[in-house]
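Here is the structure we will look at.
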Protein chains: 4
Amino acid sequence: MPSAPESGVNGLGPAGRAPRRRSDRARLAVLNAADDLLVERGYAGVTIEGIAARAGVAKQTIYRWWPSKFEILMDTLLEDAESALAVPDTGSFAGDLRQHLRQLADFLSAQPAGRVLLALIGQAQHDTGEARAFQQRFGDERRARDRVIFERALARGDIAPGADLDLLADLADGPLYHRVLLTGLPLDGVFIDGLVDRVLASVSRPARSSS
Amino acid sequence: MPSAPESGVNGLGPAGRAPRRRSDRARLAVLNAADDLLVERGYAGVTIEGIAARAGVAKQTIYRWWPSKFEILMDTLLEDAESALAVPDTGSFAGDLRQHLRQLADFLSAQPAGRVLLALIGQAQHDTGEARAFQQRFGDERRARDRVIFERALARGDIAPGADLDLLADLADGPLYHRVLLTGLPLDGVFIDGLVDRVLASVSRPARSSS
Amino acid sequence: MPSAPESGVNGLGPAGRAPRRRSDRARLAVLNAADDLLVERGYAGVTIEGIAARAGVAKQTIYRWWPSKFEILMDTLLEDAESALAVPDTGSFAGDLRQHLRQLADFLSAQPAGRVLLALIGQAQHDTGEARAFQQRFGDERRARDRVIFERALARGDIAPGADLDLLADLADGPLYHRVLLTGLPLDGVFIDGLVDRVLASVSRPARSSS
Amino acid sequence: MPSAPESGVNGLGPAGRAPRRRSDRARLAVLNAADDLLVERGYAGVTIEGIAARAGVAKQTIYRWWPSKFEILMDTLLEDAESALAVPDTGSFAGDLRQHLRQLADFLSAQPAGRVLLALIGQAQHDTGEARAFQQRFGDERRARDRVIFERALARGDIAPGADLDLLADLADGPLYHRVLLTGLPLDGVFIDGLVDRVLASVSRPARSSS
DNA sequence: GAATAACCGAGACGGTACGTCCAGTCTTGAA
DNA sequence: TTCAAGACTGGACGTACCGTCTCGGTTATTC
């Protein structure tokens, strides 16, 4: 998180220098401007110059704290996704799964931060470095959280033992992302319910050997 | 299809004069140059000027026949995907599904044209117009072909009647794209086999009401 | 003269390519804009961006044809100095000298192109490369022309034989430049006349050995 | 004289408080850094940031005491020129003149401070305010000193009465500056001797009316 | 000897201009 | 009419400095 505000204890001991004093005003203005521009004009319409102008900030200030517009948008994503994508806890696997997918569907199709997420996924396809950054800063944590749902189900016995939880996560989230990223089909309630049913069905008994 | 090679009857009756004599040399040189540049330098490294220079072609010639680099790459994709992604016909649903997924996994993770596909999917997230073009020129036809697998399975009784075939397609392809586009996990045989098993399991009996 | 309009016979033989076709509109607009900016805002106020904006020209066009604002101003100087600084021919050494110095004084103190010349002399003190360019493109030719006055005087016998003509040129022009560049004293008629007298006096008999 | 080193008694009467405690270390470090940078990289290579970095001084400290790099260099010039350009007193006009010109030639062509002087003369052509500052802080005093030579000569009768001493100063120094600033010709002994002879010749009898 | 205030280093900030790359349009001359 | 060539306007890039503005820390009087 390159732009974390002086994260952690830097205790700067006896001889420590005061760290660079970053302007929070500038930081927030940049994140908001980037977010706005993305929604209004799309990823290509997000330019450092445009952000600087809209945020009332000098370009140099942006370059001082972020290496690219990708990272700026990553910061906005992380701030926004936190709240919108909490791990559900309804008491049942079916309930957790359904709520998880509904949240995700809503996030991706209706919220500004969802637009940011899609743009970043898109950009990650163009640049391996950015793909890696996306993975580390967003993907890994997301995966860990989503995994909780399946681990709880496993503990409860809702999933047959020995299941590959990564695969189950792909099975649940994959179809949803597939629609948004590729086919453009709607993420409505019918789709979510059908998907939940299929995932539950696929999970209720051990995977057979497919030979 | 902006760059269709002399598409259809261009009418021009008895006195008409052939309006355009498109150089096939130039066309192929452009497509190859774009392809090469994408693989070597990534999407941002594909520029019209770069293509023109490498193809030994004037920029104007490119603009005459293609509206954007997106469409150039789309043309290369369509030429290459045709052969690599044929509809399988093994005689069984499980067989068809597995072969379909293996083909797709190989295409996405090992072939140059797969790189092009990923780049275009990525770019489609940035521009609705290009997303639409992607859908029309690549997505719809793909979906129609893939659907064949499920229609045959339905006819054979391998899938319980009344199933939503779009959903099943999402269920099969989604996890695979999810891995490539988002998590970066490998598309190995274990994954494919597990996925096939789960899809078969989810499909072998009617979807319950999910209440 | 980097921006000479396709100078000379380029006869491009049988296989010759047509040379780059330069826009004269852009060229003149740039030279005028640079000239105007210099007069209005001084040398530091002449910026490539400013010239481009005022000339209605793209920065790239400027960089295509000129390496620096110094060379742009050099071009304007050369175009303007030609007419204003013709070699006088009055029939007498005193007359030639006086007219030469009057022309020069007027040029330096009253004409826009004189401002350009002073700015370039100033800039040449900051950069040896530009000093060299100034010498080659302006100085050498100027010196050759001014020399004519002294050569004629020598031929006529107005100057004692054996005189160092370079020194005489320094003696005539130096005091004038000294005033403009260093002391700021006026270049009025009194000064010119006094200077002419002194030069004539210094020249009317052979330089003694100064031991 | 913006940066006079705690000039004179600053009075501060009975109740006055010493207003500023200027760090001499910083002052000298700045002057040296500026001087070095000028010699190494030329006038454009002298930047406030560069001086600050090299001098180990904060930019603010520089801006506290100097309004511009021009004034910094002016300070270095004044400190260095004092000793190098003393008024000669050889007993004869010819001797004084020759020694004066030799000193000046050496200063301009061989000493670091001469480089500074040339740069400041150059810069003065670009900015009238700086030209004025140059005049006041360097020019006027210089002129007053040089005048002494001619005043002594006048008193001694080496110069015909009624001569315009300003003109004579231009006549002596002008050719020398002309060579350095414009033509780049060498300031060698031959040149100096020839110049001295010409000036003496021009001065030994009253200037005629030049009609 | 403590208080205090100007000085100092460091460097973030809003800006301007730099010189470069590429976009997309236009014009020329050859095939 | 198409093509290679490349000049044109224009927008954004990432960098270098500008001059201003806090920050704490240091230091030299003054109480």
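- Between Trp65(A) and the phosphate of dC13(E), there is a side-chain N or O to OP1/OP2 separation shorter than 4.0 Å.
- For dA23(E), neither phosphate oxygen OP1 nor OP2 lies less than 4.0 angstrom from any side-chain nitrogen or oxygen of Trp66(B).
- We find that CZ of Phe70(A) is positioned 16 Å from P of dC13(F), with the value rounded to whole Å.
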Q | Working for side chain to side chain contact (heavy atoms under 4.5 Å, CB included), residues Trp65(A) and Val30(A) | A | CA-CA 10 Å; Trp65(A) 301 110; Val30(A) 166; over 6 Å; no
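- Within 3.5 Å, a donor on the side chain of Lys59(B) pairs with an acceptor on the base of dG24(E), or the reverse.
- Taking atom CG on Leu28(C) and atom P on dC8(F), their separation rounds to 12 Å, with Å as the unit.
- Side-chain nitrogen and oxygen atoms of Arg25(D) include at least one within less than 4.0 Å of the OP1 or OP2 phosphate oxygen of dG9(E).
- Within the 4.0 Å cut-off from OP1 or OP2 of dC13(E), at least one side-chain nitrogen or oxygen of Arg64(A) is found.
- Distances from the side chain of Glu49(C) to the nucleotides dA17(E), dT25(E), dC18(F) place dA17(E) closest.
- Between the C1' atom of dC17(F) and the CD1 atom of Ile72(D) lies a distance of 14 Å, rounded to the nearest Å.
- A straight line from CD1 of Ile62(B) to C1' of dC26(E) spans 16 Å, rounded to a whole angstrom.
- Within the 4.0 angstrom heavy-atom criterion, only backbone atoms of the sugar-phosphate kind lie near Gly56(A); the bases stay farther away.
- At a threshold of 4.0 Å, the pair Asp35(A)-Arg115(A) does not count as salt-bridged, since none of the basic side-chain nitrogens sits closer than that to a carboxylate oxygen.
- Ile48(A) has its CD1 atom 19 Å from the P atom of dC21(E), to the nearest Å.
- Two residues, Val57(A) and Thr47(B), neighbour DNA chain E, and the one matched to the more 5' nucleotide by heavy-atom proximity is Val57(A).
- Looking at Gln60(D), its side chain comes within 3.5 Å of the base of dC21(F) through a donor and an acceptor atom.
- When each of Ala26(C) and Ala58(B) is assigned the nucleotide of DNA chain F with its nearest heavy atom, Ala58(B) is the one assigned upstream, toward the 5' end.
- As rounded to whole Å, 11 Å separates atom P of dG14(F) from atom CD1 of Ile51(A).
- Heavy atoms of other residues, nucleotides or ligands lying less than 6.0 angstrom from CZ of Arg64(B) number more than 12.
- Listed for the Lys69(C) side chain is a donor-acceptor partner under 3.5 Å among the backbone atoms of Tyr43(C).
- Closest to the side chain of Arg22(A), from the set dC13(F), dC13(E), dT28(E), is dC13(E).
- The aromatic rings of His126(D) and His126(C) lie perpendicular to each other, with more than 60° between the two planes, well past the 30° mark.
- Mapping Lys69(B) and Tyr63(C) onto DNA chain E by nearest heavy atom places Tyr63(C) closer to the 5' end of the strand.
- The shortest distance between the side-chain N/O atoms of Thr61(D) and the OP1/OP2 oxygens of dG9(E) is below 4.0 Å.
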